[in-house]
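Below: the structure, in structure tokens.
First the proteins, then the strands, lettered A, B, ... as listed; each starts at 1.
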Amino acid sequence: MPELPEVESTVLSLKQEIVSKTIIGVKATWPRMIEPYSIKNLRKQLTGLRVDAVSRRAKCIIISLADNDKPLPLALLVHLRMSGRLQVADSSRSPHPHSRVILCFADGSECRFIDPRKFGRFTLLSQEGLEQKLNQYGPEPLQSSFRAKNFYQALQSKKRSLKPLLLDQQFIAGIGNIYADESLWEAGIHPLRAADSLSFDEAKQLLKAIKRILRSAIRLNGTDFGDGVVHNGRFKPRVYGQNGKQCKRCGKELERLVVAQRGTVVCNTCQR
DNA sequence: CAAACTCCCTGTTAGC
DNA sequence: TGCTAACAGGGAGTTT
């Protein structure tokens, strides 16, 4: 499922593909993914506008819009959720059967929001609405200003266990099930540990692991899911989805447990 | 404040 | 082989 690295690599390619293109139409085969829930409104608002910029915050893709050369107080926020992806293709190529929302551009290309499970969201927001939405998210883990001291202090104020806390987008942005498990394994810390039980050094190691794993996954274009259905990256998880296999560090069998209703893979020997 | 559910969905897989 | 039921999971919302 798309997390920070997958969203980041999507944004990097979208920047190349859709910036400065003019929207001439919008199609939707599953309009319930649109917020506010109105394809007519979306079409009316977007037609004639130009894509000014594409950026990322947390797991959100932000498509900023312009009217000719004036940036508009209007943006599209795309959330891929479980199974979404954005694909740019020529309109002459027939769209994937799971295409749900399509932006049509003046040059004959299209940006297609493909999402088999329909969990994704395609939201039109004002500048204030966007700011309000993005302010709800916790710190960006890759921002250099986010240091071990900040992370340690934040952990100290929470009694929850680490796994649900890392998945909590208000606590830290962009981490999902894959990179939470990978980071905890890398740092040698158990997902059930209470946040406030970590020493400063453990918090430092965990943040270091998070940053290293996320950077590495971005460089590799996201996770390799084998079948390539969701995303075709080359990051190979060492614990996520690897239950029953041998731990790459100690050789013991990796175990699966359920933490906060989420599948979690852990090495009970390496992670304490 | 935190944990546990529920809902939204469908492709995949385990079980019979 | 072919069917059905369970499962997966991000996020928003509700209940315990």
Under 4.0 angstrom between A:His79 side-chain N/O and C:dG11 OP1 or OP2 = yes
Length of the line joining A:Met1:CE and B:dG11:C1', which is rounded to integer Å = 13 Å
inquiry  = Counting only heavy atoms not in A:Lys118 (residues, nucleotides, ligands), do more than 12 fall under 6.0 Å from its NZ?
reply    = yes
message = So if I take every side-chain heavy atom of A:Lys133 and compare against B:dC5, C:dG9, C:dA12, which nucleotide ends up nearest?
response = C:dA12
request  = Grab the CD-P distance between A:Glu3 and C:dG10 for me, whole Å please.
outcome  = 7 Å
note = Side-chain atoms of A:Trp30 come closest, of C:dG9, C:dG10, B:dC9, to B:dC9
task = Kindly state which residues belonging to residues 166-179 of chain A come within less than 4.0 angstrom of DNA chain B, counting heavy atoms of the residue only, listed by number.
result = none
query = Between A:Asp181 and A:Lys163, does at least one N-O distance fall below 4.0 Å, as a salt bridge requires?
reply = yes
query = Is the count of non-hydrogen atoms from other residues, nucleotides or ligands lying under 6.0 Å from A:Gln132 atom CD greater than 12?
reply = no
remark   = Nearest-nucleotide check on DNA chain C, A:Gly263 vs A:Tyr137; residue mapping nearer the 5' end is A:Gly263
ask   = Whole Å only: how far is the CD atom of A:Glu35 from the C1' atom of B:dC8?
value = 12 Å
inquiry  = It should be established whether A:His98 places a side-chain nitrogen or oxygen under 4.0 Å from OP1 or OP2 of nucleotide B:dC9.
reply    = no
message = What's the closest nucleotide to the side chain of A:Met82 if the choices are B:dC8, C:dG10, B:dG11?
response = C:dG10
key: Whole-Å distance separating the CZ atom of A:Arg32 from the C1' atom of C:dG11   = 16 Å
key: Rounded interatomic separation in angstrom, taking CZ from A:Arg160 and P from B:dA4   = 11 Å
request  = Have a look at A:Glu202 and tell me which of A:Lys208, A:Arg272, A:Arg193 forms a salt bridge (Lys or Arg N to Asp or Glu O under 4.0 Å) with it.
outcome  = A:Arg193
message = In whole Å, I'd like the distance from the CZ atom of A:Arg262 to the C1' atom of C:dA12.
response = 12 Å
Partner of A:Tyr179 by side-chain hydrogen bond (donor to acceptor under 3.5 Å, both in side chains), out of A:Glu186, A:Glu6, A:Glu3 = A:Glu6
remark   = Rounded to whole Å, the CZ-P distance (A:Arg81 to B:dC8) equals 13 Å
Residue pair A:Glu131 / A:Asn135, side-chain donor-acceptor N/O under 3.5 Å = no
query = In terms of the nearest nucleotide of DNA chain B, which residue is placed more toward the 5' end: A:Lys158 or A:Lys118?
reply = A:Lys158
query = CZ of A:Arg117 versus C1' of C:dG10: gap in Å, rounded?
reply = 11 Å
ask   = Are A:Phe119 and the base of C:dG10 stacked, counting only ring centres nearer than 5.5 Å and planes tilted under 30°?
value = yes
A:Arg93 atom CZ: more than 12 heavy-atom contacts under 6.0 Å = no
A:Lys159 side-chain N/O to B:dA3 phosphate OP1/OP2 under 4.0 Å = no
